Amino acid sequence: QVQLVESGGGLVQPGGSLRLSCVVSGLPLDDGVIGWFRQAPGKEREGVSYISLYGGGTQYLRSVKGRFTISRDMVKNTVYLQMKNLQPEDTAVYYCAAGLISTLVPQSYTHWGQGTQVTVSA
């Protein structure tokens with residue numbers, strides 16, 4: 001059974017940093033894709049970043065490029081999202097998800113975590 005558990009969210013001031021973790025069980029981190037998504041109140045869920053588990057390729061949403069970094073630890077079966085210079089518009093529930101296609105389209109992912117809240121406010 002595939003399970004994904006996110007952690008690391010919280011309240012941070014503008015310009016601050018957070019690192020989100022996604023612990024994956026039931027799925028080896030050597031094939032497929034792990035993506036990070038976010039959903040703000042009243043908005044659709046959007047893809048933030050993904051990492052291709054076979055080759056390590058990554059992609060980012062344009063608005064987070066240069067501020068967010070996705071990485072993986074195959075020993076810990078964990079995918080991270082390091083977020084720097086956070087802004088109020090980054091406020092959302094952040095989810096990690098597992099899929100087979102390298103895309104930022106949420107509908108392509110089959111297994112989802114429960115989400116972690118990130119709030120950026122002064």
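Bear in mind the structure is a predicted one, so any value in this text is a computation, not a measurement. What you see below is based on every heavy atom in this structure, not just the backbone, and it leaves out hydrogens, waters and symmetry mates.
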Is there side-chain contact between [X] and [Y], with at least one heavy-atom pair below 4.5 Å?
| X | Y | answer |
| --- | --- | --- |
| R67 | Y60 | no |
| T91 | Q117 | yes |
| C96 | V79 | no |
| F68 | L61 | no |
| R38 | D90 | yes |
| S25 | N77 | no |
| M74 | R72 | yes |
| T103 | Y109 | yes |

Out of curiosity, [X] [atom1] to [Y] [atom2], how far, rounded to the nearest 0.5 Å?
| X | Y | atom1 | atom2 | value |
| --- | --- | --- | --- | --- |
| L20 | Q82 | CG | CD | 9.0 Å |
| S52 | I34 | OG | CD1 | 10.5 Å |
| S17 | N85 | OG | CG | 8.0 Å |
| E89 | S63 | CD | OG | 8.0 Å |

Do the side chain of [X] and the main chain of [Y] share a donor and acceptor less than 3.5 angstrom apart?
| X | Y | value |
| --- | --- | --- |
| E6 | G115 | yes |
| S49 | Q59 | yes |
| Q87 | P14 | no |

For residues [X] and [Y], report the shortest heavy-atom separation together with the two atoms involved.
| X | Y | answer |
| --- | --- | --- |
| L4 | C22 | CD2-SG, 3.7 Å |
| G8 | T116 | N-OG1, 4.2 Å |
| Q39 | K43 | NE2-O, 3.2 Å |

Can you tell me if Q13 has over 12 outside heavy atoms packed within less than 6.0 Å of its CD? no
Heavy atoms of other groups near L100 CG, more than 12 under 6.0 Å: no
Connected via hydrophobic side-chain network under 4.5 Å: [X] and [Y]:
| X | Y | value |
| --- | --- | --- |
| W36 | Y80 | no |
| L18 | V48 | yes |
| V23 | Y94 | no |
| L86 | V64 | yes |
| L81 | V93 | no |

Cation over ring face, R45 and F37, 6.0 Å, 45°: no
Tell me whether the rings of W112 and Y95 are parallel (<30°), tilted (30 to 60°) or perpendicular (>60°). perpendicular
